[in-house]
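Below: one structure, written as structure tokens.
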Amino acid sequence: MRTFFTTLGLSALTLSLLACQSRVQNPPLPVTSANTLRMQGVDTQPIDDSDLSGGFRPQVANRLASEVLRTEGELQVFAAQTQLNSAPLPQNTGLTLQGALDFVDRKGMTQPAAMAKASLLNAQGQVVASVETQPDGRWQMQAPAPGAYRIRYTLENRYWNIKNYAWDGPTVQAGQSNDVGLTTLTPGSENAKAAWIHDVYLQAMALFARENVPLNWWQRQIQTVWPGRGNYYLSDTVNLTGAEQWDVNGHEVGHAIYHQALNAASRGGQHKIDDCYHDTLALSEGFASFFSAAVHLDKNDPDARFDQYLVPRRAPIRIENVPEDVCAGPANEWRVSAVFWDIYDQHGDGESLSVGLRTIFEALGRNNRPTVRSVTEAQGLIQELIPPSEHGQLAQVFRQNKMLTTP
């Protein structure tokens with residue numbers, strides 16, 4: 001199994017966090033219900049500031065703890081707002097229950113909570129039925145018998161799970177064919193921001209659908225911890241510090257995708273986005289940033305860039321137009337992300353190549369080829385799958401991004 005550690009430079013042997021910038025001392029959490037967040041991998045020890053963003057935020061943990069209604073095992077249950085539907089369902093629907101879930105995204109727009117889970121709990125608090133929400137956020141399921149049930153929502157499916165968060169829907173009386181109405185995660189609450197992370201995954205799924213990328217490689221559910229000790233990926237778990245950090249969160253999800261989808265090596269260690277360090281570390285970090293760009297940015301953008309959270313000291317992080325002072329070559333992650341972007345995007349800037357994401361995933365994901373250890377090795381694999389007429393353009397992408405090229 002390919003194992004790697006990211007943004008905070010986690011050691012493969014000790015899981016120690018290596019500093020990329022100054023060390024940040026977090027104050028201890030007060031002895032309150034905030035300490036229930038320890039189950040999410042949060043602690044109060046000093047952590048390292050990464051090159052992508054800051055570390056654990058105790059103020060977020062405290063706000064979340066103040067919003068918890070109760071705990072059910074490892075789940076922290078929060079309130080949500082439900083607008084009941086007074087319209088009756090069609091007759092003879094028996095024990096059918098239906099409803100919908102949505103949330104307000106980081107831009108203030110209401111979005112359906114697709115690919116979430118609606119569960120039916122009996123009077124003893126046992127889950128007796130569950131179903132995944134549809135693209136419009138709606139769901140329908142059968143109660144096992146007449147009686148009172150509580151609806152519970154979680155942001156999970158076979159592909160990912162926003163760990164330890166749940167929301168109360170309404171309590172309903174099955175046997176009357178109830179529509180339980182529309183539930184919205186409370187706008188403005190801290191807990192509702194968990195849906196912003198869920199939304200990054202949904203946008204990734206939309207990208208895979210647009211690019212016709214098969215998902216047969218996605219065999220393990222990605223666990224997602226927020227608020228985490230830092231921004232990093234380890235052992236099928238994504239750890240995130242800020243729900244609003246769409247670009248950083250896309251980068252960490254990119255690491256999880258890289259791990260499962262590609263026959264590509266990885267390497268831990270200290271790194272800064274504008275320095276050179278090691279080809280393999282640069283490959284995994286650069287691909288993760290490229291993936292976040294593919295999820296969030298317009299492939300026709302003449303100045304594709306991350307403006308907000310990704311490495312604030314160098315913001316904006318331009319992957320279409322990399323600054324000249326960034327270290328050149330395959331040992332720099334910024335250059336690697338720019339190479340993948342120029343292979344993928346549709347904006348011509350000295351080259352006219354536009355290779356679909358499916359081809360990139362297929363090229364780097366083949367197990368009958370040697371494990372990819374650098375972006376220059378990736379060039380040869382991609383070249384095998386594109387027409388000979390495009391080989392010159394592929395070489396041009398590498399040259400203009402200050403990479404050595406293969407014949």
Side-chain angles (χ1 to χ4, degrees), residues 1-12 18 20 50-52 213 217 231-234 238 247-248 250-295 306 310-311 317 319 322 326-345 353 355 357 359-367 369-386 394-395 397-406:
M1 181 179 70
R2 301 183 296 279
T3 302
F4 61 93
F5 314 96
T6 147
T7 63
L8 296 182
L10 297 176
S11 164
L18 301 177
C20 288
S50 81
D51 201 30
L52 294 191
V213 177
W217 46 266
N231 295 293
Y232 62 95
Y233 167 75
L234 171 64
V238 166
D247 45 8
V248 175
H251 174 99
E252 299 307 336
V253 170
H255 276 299
I257 298 302
Y258 179 101
H259 189 200
Q260 291 204 44
L262 307 182
N263 180 24
S266 54
R267 179 186 176 100
Q270 184 173 341
H271 60 94
K272 288 188 177 181
I273 197 169
D274 40 14
D275 288 349
C276 285
Y277 27 85
H278 190 281
D279 288 11
T280 300
L281 178 55
L283 174 65
S284 60
E285 293 295 331
F287 185 90
S289 291
F290 156 69
F291 183 80
S292 186
V295 169
F306 299 105
L310 195 75
V311 195
I317 303 300
I319 63 170
V322 180
V326 173
C327 185
N332 173 262
E333 63 181 276
W334 199 338
R335 300 284 182 186
V336 170
S337 64
V339 164
F340 280 117
W341 182 257
D342 279 345
I343 291 171
Y344 165 76
D345 77 344
L353 193 65
V355 174
L357 193 69
T359 299
I360 295 173
F361 269 60
E362 182 181 348
L364 274 64
R366 290 174 292 174
N367 290 318
R369 294 292 192 278
T371 299
V372 185
R373 300 187 180 277
S374 72
V375 72
T376 50
E377 292 180 1
Q379 179 189 358
L381 294 174
I382 293 171
Q383 185 168 289
E384 291 178 11
L385 297 185
I386 63 176
L394 180 62
V397 165
F398 278 76
R399 284 194 297 270
Q400 72 184 30
N401 285 291
K402 301 185 182 300
M403 301 278 182
L404 296 176
T405 62
T406 58

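Only this structure's heavy atoms are used, side chains among them; waters, hydrogens and symmetry mates stay out.
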Kindly indicate whether the side chain of [X], heavy atoms from C-beta on, has any atom under 4.5 Å from the side chain of [Y].
X      : Y      : value
Asn263 : Leu364 : no
Phe340 : Phe291 : no
Asp279 : Arg373 : no
Glu285 : His255 : yes
Val336 : Phe287 : no
Val311 : Trp334 : no
Leu394 : Ile382 : yes
Tyr258 : Leu283 : yes

Point to revise | Ser284 side chain to Leu281 backbone, donor-acceptor under 3.5 Å | key: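 Yes.
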Review point. Taking Asn332 for the side chain and Asp275 for the main chain, is one N or O donor matched with an acceptor at less than 3.5 Å?
Key: yes
Check your understanding: Does the pair Arg366/Glu384 count as a salt bridge with the N-to-O cut at 4.0 Å?
Key ->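 Yes, charged N to carboxylate O under 4.0 Å.
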Point to revise | Asp274: salt bridge (charged side-chain N to carboxylate O under 4.0 Å, His left out) partners, not counting sequence neighbours | key: Arg313, Arg314
**Study point:** Residue pair Phe290, Leu357: steps toward the side-chain contact (heavy atoms from CB on, under 4.5 Å) verdict
**Key:** CA-CA 11 Å; Phe290 156 69; Leu357 193 69; 3.8 Å; yes
Minimum heavy-atom distance between [X] and [Y], given as atom pair plus value:
X      : Y      : answer
Ala265 : Thr371 : N-CG2, 3.3 Å
Ala294 : Tyr344 : CB-CE2, 4.0 Å
Ala328 : Cys276 : O-SG, 3.4 Å
Val322 : Ala338 : CG2-CB, 3.5 Å

Check your understanding: Roughly how far, to the nearest 0.5 Å, is the CG atom of Leu381 from the CD1 atom of Ile386?
Key ->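 With rounding to 0.5 Å, CD1 (Ile386) is 11.5 Å from CG (Leu381).
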Check your understanding: Distance from Trp217 atom CH2 to Gln260 atom CD, nearest 0.5 Å?
Key ->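 Reported value, rounded in 0.5 Å steps: 6.5 Å.
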Practice item. Determine, step by step, whether Phe398 and Val339 satisfy the side-chain contact (heavy atoms from CB on, under 4.5 Å) criterion, reporting the C-alpha distance in whole Å, the side-chain angles of both residues, the deciding distance to 0.1 Å, and the verdict. Key: CA-CA 6 Å; Phe398 278 76; Val339 164; 3.6 Å; yes
Exercise for review: For a side-chain hydrogen bond (donor to acceptor under 3.5 Å, both in side chains) with Tyr277, tell me which candidate from Lys272, Glu333, Gln270 qualifies.
Suggested key: Glu333
Review point. Can Ser292 and Phe306 be said to form a side-chain contact (heavy atoms from CB on, under 4.5 Å), step by step?
Key: CA-CA 9 Å; Ser292 186; Phe306 299 105; 3.8 Å; yes
**Study point:** Trace of the side-chain contact (heavy atoms from CB on, under 4.5 Å) decision for Val355 with Leu385
**Key:** CA-CA 10 Å; Val355 174; Leu385 297 185; over 6 Å; no
Exercise for review: Show your working on side chain to side chain donor-acceptor pair (under 3.5 Å) between Ser289 and His251 and close with a plain yes or no.
Suggested key: CA-CA 5 Å; Ser289 291; His251 174 99; 3.0 Å; yes
